[in-house]
Peer 1: 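What follows is a single structure, and I will ask about it in a moment.
Whatever order the structure lists ligands and atoms in, that order sets their numbers, starting from 1.
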Amino acid sequence: MLTLGIETSCDETSVAVVADGKWILSNIILSQVEHKKFGGVVPEIASRAHLKTIVPIYRQALQEASITLDDIDIVAATMGPGLVGALLVGLTFAKGLAFASEKPFVAVNHIEGHLAANLLKHHDLAARHLTLIISGGHTMLVEVKTFGEYELLGQTKDDAAGEAFDKVAKLLDLGYPGGAQLDKLAQQGNPDYVRFPRAIMKDQGYQFSFSGLKTAVALHIKKLTPEQLDRHRADIAASFQEAVAEVLVTKTLKAAQERNISDVTLSGGVAANSRIRQLLQERLKQAGKRLLYPPNELCTDNAAMIAAAGYYRFEKEGASEFIVNAVPYLRLE
Ligand SMILES: Nc1ncnc2c1ncn2[C@@H]1O[C@H](COP(=O)(O)OP(=O)(O)OP(=O)(O)O)[C@@H](O)[C@H]1O
Ligand SMILES: [Mg+2]
């Protein structure tokens, strides 16, 4: 079964072809550079850019997979969460394509897509597992009972992990989005340079909070002269990253132990972070548990993960109605 996946929820235009929810035949990703000078994604510009590029990217995805539309069995597209104008471009394109070619159309939850990125690479992942979703818009600890059945254990009360990375990266003049740059810089820094607050919030279970940490970094930077900031940029990056990693890892390990879950996955863009991967790997290994995460290119937004999620959704409950609309604040149910 070949699934065509389409992703336009934010600032990546992506189309992919995936076989049986497992094998990537093509995964074309175009990251919009138009937003860089604004220091954040401008929704109107994102929609217009998707409109311009969706057809050529779709053609490229078919070409790279060496197939034609006739060979496709399912057309899947992200319906939310995301920017409504951006979502509508991919969703409408997918519906039109599916309707005209009389193929089943499947609407996909973008967060479920991030989870499914693990299914593309780890074919032996236990159906029941724990996943830490850390992306630009979300921080959630979720028990996956089986694909499509989720229990939300906790989420962020304020900023998402990726948002915190991007805001601190901005404070350190690393550009936007600066999560990956911050990770790289932190590798040359001293994580013990400043002990930033860790919001472990013992009385609040698996809830997270990153806004206090972000403010602490901002206040620290404010006290430095430009020369001091230059000298300690990598140390601040490493100290911030260590605080984020420690909170995420402590809560994830606790949940895996309390619930007796042996397979743990990371999903979402921040799952590319080297220190979070390393620390979680270390702690889970000591506890006799296994950590799995997608390769970097499948952590951030891409259509292969949407195709995979679409395939498993279709297996579970068949096609979606063509009437399905874009839902900007869609939740993972
Ligand atoms: N190595 C890294 N370390 C930390 N953060 C990273 C790294 N690589 C990417 N990121 C962050 O990942 C985020 C992008 O991830 P993703 O594409 O999953 O988010 P999104 O699609 O914007 O949000 P959502 O999926 O919640 O709608 C950005 O905040 C980016 O800075
Ligand atoms: Mg995403």
Side-chain angles (χ1 to χ4, degrees), residues 5-14 27 29-32 35-36 39-43 46 50 78-84 86-87 90 108-118 131-140 142 155-156 159-172 174-187 189 208 210 213-214 237-238 240-245 247-249 265-280 293-306 309 326-332:
I6 297 173
E7 157 63 36
T8 63
S9 69
C10 191
D11 56 344
E12 264 86 25
T13 317
S14 182
N27 186 22
I29 306 166
L30 180 79
S31 292
Q32 302 174 353
H35 309 284
K36 287 232 185 281
V41 177
V42 184
H50 286 308
T78 305
M79 65 172 289
L83 302 168
V84 71
L87 286 165
V108 173
N109 181 317
H110 179 85
I111 305 302
E112 189 165 70
H114 277 302
L115 300 188
N118 283 294
T131 188
L132 175 68
I133 306 168
I134 36 181
S135 63
H138 297 82
T139 303
M140 299 157 82
V142 173
Q155 58 187 329
T156 183
D159 290 355
E163 206 176 335
F165 267 97
D166 292 339
K167 284 177 178 166
V168 169
K170 215 178 214 177
L171 292 171
L172 293 172
L174 301 177
Y176 179 89
Q181 280 80 352
L182 194 151
D183 183 357
K184 214 163 137 197
L185 181 68
Q187 287 165 24
F208 298 95
F210 295 107
L213 171 60
K214 178 193 66 193
F240 158 77
Q241 185 173 264
E242 198 61 23
V244 176
V247 172
L248 291 173
V249 170
T265 66
L266 288 172
S267 334
V270 185
N273 186 265
S274 59
R275 182 58 185 151
I276 297 171
R277 285 176 175 184
Q278 183 193 34
L279 192 64
L280 191 55
Y293 45 77
N296 286 1
E297 69 277 12
L298 296 181
C299 287
T300 37
D301 290 351
N302 67 89
M305 69 184 198
I306 302 304
V327 182
Y329 294 100
L330 186 65
R331 292 154 54 106
L332 184 75

Peer 1: Check whether any N, O or S atom of His110, backbone or side chain, sits closer than 2.8 Å to the Mg ion (ligand 2).
Peer 2: yes
Peer 1: With Thr139 as reference, evaluate Val244, Ile133, Val247, Ile134 under the side chain to side chain contact (heavy atoms under 4.5 Å, CB included) test and give the passing residue.
Peer 2: Ile134
Peer 1: Is Gly162 close to ligand 1, meaning an N/O of one under 3.5 Å from an N/O of the other?
Peer 2: yes
Peer 1: With the Mg ion (ligand 2) as the reference point, give the N/O/S atom of Asp301 that is nearest.
Peer 2: OD1
Peer 1: Note the single closest protein heavy atom to atom 1 (N) of ligand 1, along with its residue, its atom name and the distance in Å.
Peer 2: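 It is Asp183 OD2, 2.9 Å.
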Peer 1: Which protein heavy atom lies closest to atom 19 (O) of ligand 1, and at what distance to 0.1 Å?
Peer 2: Gly136 N, 3.0 Å
Peer 1: Out of curiosity, Thr8 OG1 to His50 NE2, how far, rounded to the nearest 0.5 Å?
Peer 2: 5.0 Å
Peer 1: To which protein heavy atom is atom 3 (N) of ligand 1 closest, and what is the distance rounded to 0.1 Å?
Peer 2: Asn273 ND2, 3.0 Å
Peer 1: Evaluating non-hydrogen atoms only, which member of Ile276, Thr78, Asp166 is closest to atom 31 (O) of ligand 1?
Peer 2: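 Shortest heavy-atom distance from atom 31 (O) of ligand 1: Asp166.
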Peer 1: At their closest point, which heavy atom of Cys10 faces which heavy atom of Asp301, and how far apart are they?
Peer 2: CB-OD2, 4.2 Å
Peer 1: Measure from atom 25 (O) of ligand 1 to every heavy atom in His114, Lys167, Lys184 and give the option owning the shortest one.
Peer 2: His114
Peer 1: Could you tell me whether Gly268 and ligand 1 have an N or O pair separated by under 3.5 Å?
Peer 2: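 No - when backbone and side-chain N and O of Gly268 are compared with those of ligand 1, no distance drops under 3.5 Å.
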Peer 1: For His114, what is the atom name of its N, O or S atom nearest to the Mg ion (ligand 2)?
Peer 2: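 His114's closest N, O or S atom to the Mg ion (ligand 2) is named NE2.
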Peer 1: Closest approach of Glu7 and Ser9, non-hydrogen atoms and distance?
Peer 2: OE2-OG, 2.6 Å
Peer 1: Between Gly179 and ligand 1, does any nitrogen or oxygen pair lie at a separation below 3.5 Å?
Peer 2: yes
Peer 1: I need the minimum non-hydrogen distance between Ala117 and Leu298, along with the two atoms involved.
Peer 2: CB-O, 3.4 Å
Peer 1: Can you report which non-hydrogen protein atom sits closest to atom 11 (C) of ligand 1, along with the distance?
Peer 2: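 Result: Val270 CG2, 3.9 Å.
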Peer 1: Is any N or O atom of Ile111, backbone or side chain, closer than 3.5 Å to an N or O atom of ligand 1?
Peer 2: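 Checking ligand 1 against Ile111, no N or O pair falls under 3.5 Å apart.
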Peer 1: Tell me whether Asp159 contacts the main-chain N or O of Ala164 through its side chain, where contact means a donor paired with an acceptor under 3.5 Å.
Peer 2: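 Checking the backbone N and O of Ala164 against the side chain of Asp159, no donor-acceptor pair under 3.5 Å is found.
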Peer 1: When only distance counts, is Ser135 in polar contact with ligand 1, meaning an N/O pair under 3.5 Å?
Peer 2: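 Yes, Ser135 has an N/O under 3.5 Å of an N/O on ligand 1.
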Peer 1: I'd like to check whether His138 has a polar contact with ligand 1, where a contact means an N/O of the residue lying under 3.5 Å from an N/O of the ligand.
Peer 2: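 Yes, there is a polar N/O contact under 3.5 Å.
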Peer 1: Quick one: which of Ser274, Ala180, Ser9 has a heavy atom closest to atom 7 (C) of ligand 1?
Peer 2: Ala180
Peer 1: For the 3.5 Å polar cut-off, considering only N or O atoms, please tell me whether Gly137 and ligand 1 meet it.
Peer 2: yes
Peer 1: Starting from atom 16 (P) of ligand 1, locate the nearest protein heavy atom and write down its residue, its atom name and how far away it is, to 0.1 Å.
Peer 2: Asp301 OD1, 3.7 Å
Peer 1: Looking at atom 10 (N) of ligand 1, what's its closest protein heavy atom, distance included?
Peer 2: Gly269 O, 3.7 Å
Peer 1: Where is the tightest heavy-atom contact between Ala304 and Asn27, given as atom of each residue plus distance?
Peer 2: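 Heavy-atom minimum between the residues: N-OD1, 3.2 Å.
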